[in-house]
Amino acid sequence: GYNGKDTTGRLGYQISESLYAYCNVKYFDGKKYEPLRSTDPVSPPSDVWNIYERGAIDLTLDYKTDNFKTILKTYRNFGEHEFSDGRHSKDYTNGIKLESVFFNIGNHILTTGLEYKKQGGERISLPEGNWDKEDFSVYVFDEFSMLEHLIISGGVRYNRDEIADDIFSYQAGALYKTSEKTSLRVNYAKGYRAPLINELYLFPPSNTMLKEEEIYNIEAGLRHDFSKFFSIDIVVFKMEGDDLIELVSNPSPPPFMKFANTGSFTFKGTETTLYFNPCSWLKGMLSYSTCLLYTSPSPRDLSTSRMPSSA
């Protein structure tokens with residue numbers, strides 16, 4: 001069985017002609033019972049359960065003029081999880097982000113930004129512990145209208161993560177309008193995902209030796225407007241990744257399962273989307289996608305010799 005409540009709210013205020021403030025709030029709590037076996041009695045309910053409480057709040061200041069836009073956002077995500085096997089923990093993410101967009105700098109639209117966030121976790125069940133890690137990033141992205149029908153874009157992001165150390169991500173792309181109704185585009189990007197607090201420390205499957213995931217993506221697309229009421233968008237893509245973090249069997253239990261970097265993977269696929277807008281009050285879209293997954297396992301480091309920052 002499952003029982004949960006979900007609440008969301010948004011409040012905004014126009015401070016001046018150029019300055020707007022808004023706040024978003026979300027909260028969820030629920031309890032889930034694992035399904036009974038066919039041989040179990042209907043009552044009482046399953047004795048395997050999970051209790052979840054999660055919330056989020058953010059406050060944003062949005063300033064915009066004809067040639068400039070900047071957003072300052074502070075946020076907090078938090079949660080508490082309790083399991084019938086005795087595991088009990090709390091976690092949070094606090095952050096602040098500043099992003100500015102400069103319009104009409106020649107033929108450029110320039111975006112710059114920086115972000116700081118701190119993740120923390122507390123294991124309430126035995127053995128108790130507290131951990132946290134910080135991440136700082138700065139990035140720049142530029143769109144350049146080189147010709148009347150050609151837009152070149154590119155950007156780079158630097159991250160300083162306590163676990164992953166120094167990481168550079170980048171993106172480059174181009175869009176070419178072959179006519180007023182048809183455009184072609186191509187994009188290449190490299191990204192990453194650092195391990196989370198719960199994957200590193202909180203629960204028995206955690207592994208302090210996890211490395212960050214690396215992801216490379218290339219895609220090409222075509223969009224054609226048959227009319228102002230009907231359009232089609234077709235994309236082909238290929239995504240490759242290394243050091244995928246997964247929950248796998250532990251050859252030296254306990255625990256029986258453990259997070260590990262499991263190897264490389266490749267996604268290849270297509271996506272076709274139809275957009276239709278028959279009137280001012282009705283818009284719709286229909287998508288169809290295909291995807292093939294290829295994996296290549298690598299030696300798994302299930303040791304936990306790297307010492308966490310526990311208090």
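Note that the coordinates shown come from a computational prediction; the quantities given were computed from them, not determined experimentally. Throughout, residue positions are numbered sequentially from 1 according to the sequence presented.
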Discussion item. Tell me whether N3 at atom CG has more than 12 heavy atoms from other residues, nucleotides or ligands lying less than 6.0 Å away.
Written reply: no
Worksheet item: Salt bridge between R160 and D135, side-chain N to carboxylate O under 4.0 Å?
Response: no
Worksheet item: Please, which pairs that meet side chain to side chain donor-acceptor pair (under 3.5 Å) have at least one residue in residues 59-69, sequence neighbours excluded?
Response: N67-N104
Fill in: Residues which pass side chain to side chain donor-acceptor pair (under 3.5 Å) with T112, listed by chain and number, not counting sequence neighbours
none
Item to complete: Would you check if T8 and V25 make a side-chain contact, meaning some heavy-atom pair closer than 4.5 Å?
Response: no
Worksheet item: Under 3.5 Å, side chain of N250 to main-chain N/O of K258, donor-acceptor pair present?
Response: no
Item to complete: Taking all non-hydrogen atoms of both residues into account, name the closest pair between G86 and S125 and its distance.
Response: O-CB, 3.1 Å
Worksheet, complete the sentence: Residues pairing under ring-ring contact (aromatic ring centres under 6.0 Å, His included) where one sits in residues 168-198, two or more places apart or in two chains, turn out to be Y158-F168
Discussion item. So, using salt bridge (charged side-chain N to carboxylate O under 4.0 Å, His left out) as the criterion, who are the partners of E199 when residues are at least two apart?
Written reply: R193
Worksheet item: Where do N261 and L244 land on the side-chain contact (heavy atoms from CB on, under 4.5 Å) test, with the steps shown first?
Response: CA-CA 5 Å; N261 295 104; L244 179 67; over 6 Å; no
Discussion item. Among R76, Q119, K117, exactly one meets side chain to side chain donor-acceptor pair (under 3.5 Å) together with N94. Which residue is that?
Written reply: R76
Worksheet item: What pairs with F144 under ring pair (Phe, Tyr, Trp, His ring centres under 6.0 Å), at least two apart in sequence or on another chain?
Response: H108
Item to complete: Could you check if a side-chain atom of C23 sits within less than 4.5 angstrom of a side-chain atom of I57, using non-hydrogen atoms only?
Response: yes
Discussion item. With heavy-atom distances below 4.5 Å as the criterion, would you say the side chains of S249 and F256 are in contact?
Written reply: no
Worksheet entry | Interatomic distance, L114 atom CG to Y116 atom OH [nearest 0.5 angstrom] | 13.0 Å
Practice prompt. Quick one: list whatever passes side-chain contact (heavy atoms from CB on, under 4.5 Å) with E115, sequence neighbours left out.
Written response: Y75, K97, S137, R157
Item to complete: List in chain and number order the residues that pass side-chain contact (heavy atoms from CB on, under 4.5 Å) with R54, two or more places apart in sequence or in another chain; answer none if no residue qualifies.
Response: H81, D91
Fill in: Nearest-0.5 Å distance, CZ of residue R87 to CG of residue L126
14.5 Å
Worksheet item: With A172, which residues qualify under side-chain contact (heavy atoms from CB on, under 4.5 Å), at least two apart?
Response: none
Worksheet item: Quick one: CG on L196 to OG on S206, what's the gap to the nearest 0.5 Å?
Response: 12.0 Å
Discussion item. To check you understand the geometry: which heavy-atom pair defines the closest contact between K211 and I245, and what is its length?
Written reply: O-CD1, 3.7 Å
Discussion item. Does K73, at its NZ atom, have more than 12 non-hydrogen atoms belonging to other residues, nucleotides or ligands within less than 6.0 Å?
Written reply: no
Discussion item. One pair to check against ring-ring contact (aromatic ring centres under 6.0 Å, His included): Y22 and Y20. What are the steps and the verdict?
Written reply: CA-CA 7 Å; Y22 54 91; Y20 182 70; 5.6 Å; yes
Discussion item. Show, in sequence, the C-alpha distance, side-chain angles and deciding distance for K118 and K133, and conclude whether the side-chain contact (heavy atoms from CB on, under 4.5 Å) test is met.
Written reply: CA-CA 6 Å; K118 181 178 182 179; K133 73 184 190 83; over 6 Å; no
Fill in: Greater than 12 external heavy atoms within 6.0 Å of E17's CD
no
Worksheet item: Any idea which heavy atoms bring A174 and I152 closest together, and the distance?
Response: CB-CD1, 3.7 Å
Worksheet item: If only atom types and distance count, is the side chain of E246 paired as donor or acceptor with the main-chain N or O of V248 below 3.5 Å?
Response: no
Worksheet item: Would you call I232 and T272 a side-chain contact if the rule is heavy atoms closer than 4.5 Å?
Response: yes
Item to complete: Please assess Y52 against E80 for the test side-chain hydrogen bond (donor to acceptor under 3.5 Å, both in side chains), listing each intermediate value before the final yes or no.
Response: CA-CA 6 Å; Y52 301 88; E80 182 172 355; over 6 Å; no
Discussion item. side-chain hydrogen bond (donor to acceptor under 3.5 Å, both in side chains), that's the test. Do S231 and D225 meet it? Break it down for me.
Written reply: CA-CA 4 Å; S231 303; D225 300 325; 2.6 Å; yes
Worksheet item: Looking at F276 versus F230, is the centre-to-centre ring distance below 6.0 Å?
Response: no
Practice prompt. Return the set of residues passing side-chain contact (heavy atoms from CB on, under 4.5 Å) with E82 (not counting sequence neighbours), or none when no residue passes.
Written response: W49, I51, H88
Discussion item. For K190 and I215: C-alpha separation, side-chain torsions, deciding distance, then whether side-chain contact (heavy atoms from CB on, under 4.5 Å) applies.
Written reply: CA-CA 6 Å; K190 182 240 179 181; I215 300 174; over 6 Å; no
Discussion item. Can you list everything that forms a side chain to side chain donor-acceptor pair (under 3.5 Å) with T290? Sequence neighbours excluded, please.
Written reply: T270
Fill in: R123 to Y201, cation-pi by 6.0 Å centre distance and 45° axis angle
no
Worksheet entry | Side-chain hydrophobic cluster, 4.5 Å single linkage: members besides I71 | none
Worksheet item: Are any non-hydrogen side-chain atoms of D242 and S264 less than 4.5 angstrom apart?
Response: yes
Worksheet entry | Validation row: N187, I218 side chains within 4.5 angstrom (heavy atoms) | no
Item to complete: For L202 and E122, work out which heavy atoms get closest and say how close.
Response: CD2-N, 3.8 Å
Worksheet entry | Side-chain heavy-atom pair M285, S287 within 4.5 angstrom cut-off | yes
Discussion item. Just checking K31: does its NZ atom have more than 12 heavy atoms from other residues, nucleotides or ligands closer to it than 6.0 angstrom?
Written reply: yes
Discussion item. Test of understanding: with side chain to side chain donor-acceptor pair (under 3.5 Å), list the residues that count as partners of N107, not counting sequence neighbours.
Written reply: none
Fill in: Contact summary for N77 and A56, nearest pair of heavy atoms
OD1-CB, 3.1 Å
Practice prompt. Begin with the C-alpha distance, continue with both residues' side-chain angles, and end with the deciding distance and a verdict on ring-ring contact (aromatic ring centres under 6.0 Å, His included) for F267 and Y294.
Written response: CA-CA 7 Å; F267 285 107; Y294 307 87; 9.2 Å; no
